*Asks:* 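The following block contains the structure, expressed as structure tokens.
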Amino acid sequence: MKETFNLQTSEQIVAALQRRGPQAKALQEYAREIKLQSVGNQVYLRGLIEYSNCCSKSCYYCGIRGGNPQVHRYTVSTEETLEAARFAYENGFGSIVLQAGERNDKAYTQQIEKLLLDIDKISKGELGITLSLGEQNRSTLLRWKQAGAKRYLLRIEASDPTLYAKLHPADHSYQKRLECIDLLKDLNYQVGTGVMIGLPFQTYENLAQDLLFFQKRDIDMIGMGPYIEHAQTPLYAYKDQLLSIEERYILSLNMLAVLRILMPDINIASTTAMGSLKKEGREEAIRIAANVIMPNLTPFSYREDYFLYQDKICINESNADSKINIEALVQRAGCKIAYHAHGDSHHFFNRQKR
Ligand code: 5AD
């Protein structure tokens with residue numbers, strides 16, 4: 001008889017995350033069935049533009065943290081950004097993501113607003129635009145929404161305040177981050193968040209609580225992937241305490257599977273970190289749970305400077321190659337790319353009806 005999964009309590013989720021071998025496979029296959037029933041076999045493309053690695057924050061895990069003096073800082077020019085957006089539009093990608101380190105000054109706010117309006121113009125309003133630009137205040141988020149942004153990604157990184165505090169310097173506020181996520185909802189963005197999996201100090205209980213956090217906060221989109229160390233960061237000191245690559249990989253797949261079972265109608269990304277940890281990582285994520293993938297469209301000359309963690313993939317891949325590789329990857333996962341589709345989160349509309 002086919003196994004069913006009761007995943008309501010933290011204990012039940014921890015037990016699911018601890019599955020290995022055939023038992024993990026059974027969990028993942030069950031998630032795949034739920035995925036196919038709820039969001040189908042379609043995969044949506046988000047062209048990722050890593051717009052700038054300038055950052056006023058100094059997160060202990062991140063390679064481009066403001067406190068890393070070895071990073072060569074860049075901001076992509078307006079023309080190059082529009083060119084990348086045009087590539088996405090002309091190749092039938094339904095949407096793009098503008099991602100960067102965090103900056104909060106007025107000139108930057110205006111620069112992003114102008115870019116949003118320009119992208120809207122060149123794509124005749126057809127490209128969906130997602131922002132991933134860190135914590136911002138209400139007026140900035142409102143301006144960007146009015147200029148055409150529809151979705152916003154702001155990972156909570158770790159939903160446990162104690163763990164959060166171990167990953168960030170004292171000037172970061174867990175409370176402020178939560179407030180920003182609430183603000184995004186309030187402003188009617190489709191809201192994305194996520195965590196890293198396999199962080200130093202992180203427990204199974206923490207991960208179970210992360211999943212319940214997403215559910216309780218009624219999140220529309222999740223991007224989560226394995227934590228991968230970077231030598232120029234404070235957390236590198238704990239590299240010997242990390243789970244093995246194999247363990248982090250299985251745990252990440254189990255996390256994705258449980259998430260899909262808990263939240264059938266959300267959008268889930270197959271992250272670059274999954275593919276960086278394991279060659280087949282992004283494909284496996286799509287097979288069992290994810291329905292979104294983000295081909296890297298950052299202009300070539302900047303890519304190696306957006307080095308969040310070691311072994312990050314897609315640094316030497318042209319946009320055309322990336323398109324071909326992603327098509328093949330999605331096909332191997334038994335799914336199909338939905339070209340020319342925004343691929344909005346069903347959860348967003350279901351939540352609005354409620
Ligand atoms: N390993 C994995 N993911 C990382 N990120 C930043 N640093 C790392 C790392 N060392 C993720 C964070 C951030 C996103 C842009 O990249 O979760 O939100």
Side-chain angles (χ1 to χ4, degrees), residues 46 48-68 70-71 97-103 130-136 151-160 163-164 166-169 172 174 176-178 180-181 184 191-202 206-207 210 213-214 219 221-239 241-243 245 248-249 251-252 255-256 268-278 281-282 285 292 294 296 298 302-303 305-315:
R46 320 279 185 232
L48 175 64
I49 305 171
E50 294 158 330
Y51 175 65
S52 173
N53 65 357
C54 298
C55 193
S56 58
K57 294 282 183 76
S58 239
C59 308
Y60 293 153
Y61 44 84
C62 183
I64 62 166
R65 58 200 302 271
N68 182 359
Q70 296 183 56
V71 178
V97 179
L98 272 187
Q99 186 174 87
E102 190 170 307
R103 260 181 74 181
T130 306
L131 298 179
S132 177
L133 303 173
E135 289 169 23
Q136 302 291 341
R151 314 177 179 132
Y152 204 101
L153 308 173
L154 183 64
R155 288 190 179 179
I156 188 72
E157 314 293 0
S159 70
D160 178 74
L163 178 56
Y164 186 91
K166 288 183 185 159
L167 308 175
H168 299 97
H172 288 231
Y174 177 80
K176 199 167 157 236
R177 199 145 185 109
L178 279 188
C180 194
I181 292 175
L184 291 166
V191 180
T193 190
V195 293
M196 284 170 285
I197 302 160
L199 284 158
F201 325 120
Q202 192 179 44
N206 287 147
L207 290 166
D210 287 339
F213 170 94
F214 302 150
I219 295 297
M221 329 180 279
I222 295 291
M224 60 180 185
Y227 162 74
I228 304 174
E229 58 271 37
H230 184 300
Q232 293 152 19
T233 61
L235 281 195
Y236 197 66
Y238 301 93
K239 70 174 191 320
Q241 296 176 21
L242 298 175
L243 295 174
I245 288 186
R248 254 179 284 171
Y249 181 61
L251 184 53
S252 300
M255 279 287 283
L256 288 164
I268 302 179
S270 169
T271 59
T272 307
M274 268 314 262
S276 301
L277 192 74
K278 245 326 219 245
R282 284 191 299 177
V292 163
M294 295 156 69
N296 196 330
T298 309
Y302 304 105
R303 288 205 195 170
D305 292 322
Y306 203 82
F307 202 55
L308 302 174
Y309 44 79
Q310 70 186 24
D311 307 321
K312 183 166 172 265
I313 54 168
C314 303
I315 289 182

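Keep in mind it's a predicted model, so treat the numbers as computed, not measured. In each ligand, atom 1 is the first atom listed, and ligand 1 is the first ligand listed. Atom set for the values below is all heavy atoms of this structure, side chains included, hydrogens, waters and symmetry mates excluded.
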*Asks:* For Glu229, give me all partners under salt bridge (Lys or Arg N to Asp or Glu O under 4.0 Å), at least two apart in sequence or on another chain.
*Replies:* Arg248
*Asks:* Among all residues two or more places apart in sequence or in another chain, which pass the salt bridge (Lys or Arg N to Asp or Glu O under 4.0 Å) test with Lys57?
*Replies:* Glu102, Glu135
*Asks:* Are there more than 12 heavy atoms of other residues, nucleotides or ligands under 6.0 Å from atom CZ of Phe201?
*Replies:* yes
*Asks:* Answer with yes or no whether the side chains of Ser159 and Asp210 bring together a donor and an acceptor at under 3.5 Å.
*Replies:* yes
*Asks:* Which of these, Glu50, Lys312, Gln99, sits in a side-chain hydrogen bond (donor to acceptor under 3.5 Å, both in side chains) with Tyr306?
*Replies:* Gln99
*Asks:* Ligand 1: which residues have a non-hydrogen atom closer than 4.0 Å?
*Replies:* Tyr61, Cys62, Gln99, Arg155, Glu157, Met196, Pro226, Tyr227, Ile228, Leu308, Tyr309
*Asks:* Only counting residues at least two apart or in another chain, list the ones meeting salt bridge (Lys or Arg N to Asp or Glu O under 4.0 Å) with Arg282.
*Replies:* none
